[in-house]
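Beneath this line is the structure, given in structure tokens, with notes to follow.
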Amino acid sequence: MPELAYLNGEYLPIESAKVSVEDRGMQFGDSLYEVVRLYDGVPFRAREHLERMRAGAEVVDLPPDALSGLPTVIEELAGRSQMADAFVYLQVTRGACPRIHAAPDEIEPTIIGTVRPFDRLPKRLYRKGATAYTEPDIRWGRRDVKATTLLPNILAATRVQKKGGYDAVFVEDDGTVTEGTVSNLFAVIDGVIRTHPVGPRILAGVTRAAVVEAAEHLELPLREEAFTREELRVASELFFTNTYCEVLPVVRVDDAEIGTGEPGPLARDLLGAFREIVQRETGTG
Ligand code: PLP
């Protein structure tokens with residue numbers, strides 16, 4: 001089965017799935033999204049992804065009913081596509097209506113899903129580690145909401161890509177490191193693993209939560225406490241986490257090496273422990 005889409009109750013080929021030019025998701029980014037990974041056709045932590053979307057819907061006042069069919073959409077897209085390693089992308093927009101900023105009351109949300117095969121990142125990237133570049137964090141104040149209003153992320157990611165980096169390290173005006181454009185960040189500083197606490201300033205990554213569990217399981221010292229750009233100078237390790245890269249070591253930020261300039265042991269151990277969690281929960285591997 002080729003790549004497949006779901007749109008407002010119908011399953012159809014991706015090319016045939018079309019939304020209105022007046023959809024508020026398209027015009028204003030007035031919508032939420034999620035990306036769920038399939039391991040051997042089995043969704044990993046779909047419930048957690050949908051719970052994050054439900055929390056976001058509450059913040060931006062999308063009707064909770066709009067989300068009620070999404071567990072089935074994930075299962076159907078996974079089942080119908082028969083893809084082993086794949087992503088299910090979900091998007092719920094406020095709907096289509098004549099273009100006006102204030103959202104009308106009577107409007108039907110648009111529900112979109114797609115499933116696409118997943119190309120694993122090259123093994124070499126994990127062996128050698130990734131490069132990142134700092135970018136000012138100019139995003140809005142509710143980054144815990146996975147909204148499609150992503151222009152600051154896109155501009156930063158594009159600048160980083162042009163320099164040959166993997167992702168940005170977002171830094172706030174006061175020097176606090178928040179996360180990447182599509183990932184959370186962990187640093188090892190003075191032997192302690194640190195990551196920005198959840199709250200409005202970062203997206204509470206599903207992978208981040210699993211990595212925190214993995215660290216507990218391995219009895220590694222971890223504090224959910226933000227670190228600064230200054231502290232990166234003395235970090236022995238740095239790594240990104242997300243649904244796509246899982247746990248990816250970063251060996252260089254801007255012009256400075258992190259630690260020895262090679263991937264460190266904690267990132268490696270946490271990647272291993274994360275994959276064990278995935279295997280246990282999806283029954284794969
Ligand atoms: N932070 C941001 C800004 C993201 O966009 C993402 C994923 O898209 C993440 C963190 C990681 O989230 P997850 O682990 O749920 O993929």
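Each ligand, and each atom within it, is numbered from 1 in the order the structure gives.
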Quick one: does K18's side chain have a donor or acceptor within less than 3.5 Å of a partner on E15's backbone?
yes

For ligand 1, run through the N/O pairs with the protein that fall under 3.5 Å and put one pair on each line.
from	atom 1	to	atom 2	distance (Å)
ligand 1	1 (N)	E179	OE1	2.7
ligand 1	8 (O)	K146	NZ	2.7
ligand 1	14 (O)	V206	N	3.3
ligand 1	14 (O)	T207	N	3.0
ligand 1	14 (O)	T207	OG1	2.6
ligand 1	15 (O)	R52	NH1	2.9
ligand 1	15 (O)	R52	NH2	3.1
ligand 1	15 (O)	V206	N	2.8
ligand 1	16 (O)	T243	N	3.0
ligand 1	16 (O)	T243	OG1	2.6

Short question: side chain of R54, backbone of A57 - any donor-acceptor pair under 3.5 Å?
no

Under a 3.5 Å distance rule, please check whether Y126 uses its side chain to pair with a backbone N or O of G129 as donor and acceptor.
no

Side chain T149, main chain G29, donor-acceptor under 3.5 Å:
yes

Test side-chain hydrogen bond (donor to acceptor under 3.5 Å, both in side chains) applied to R47 - qualifying residues, sequence neighbours left out
none

Aromatic ring proximity, centroids under 6.0 angstrom, F118 and Y244:
yes

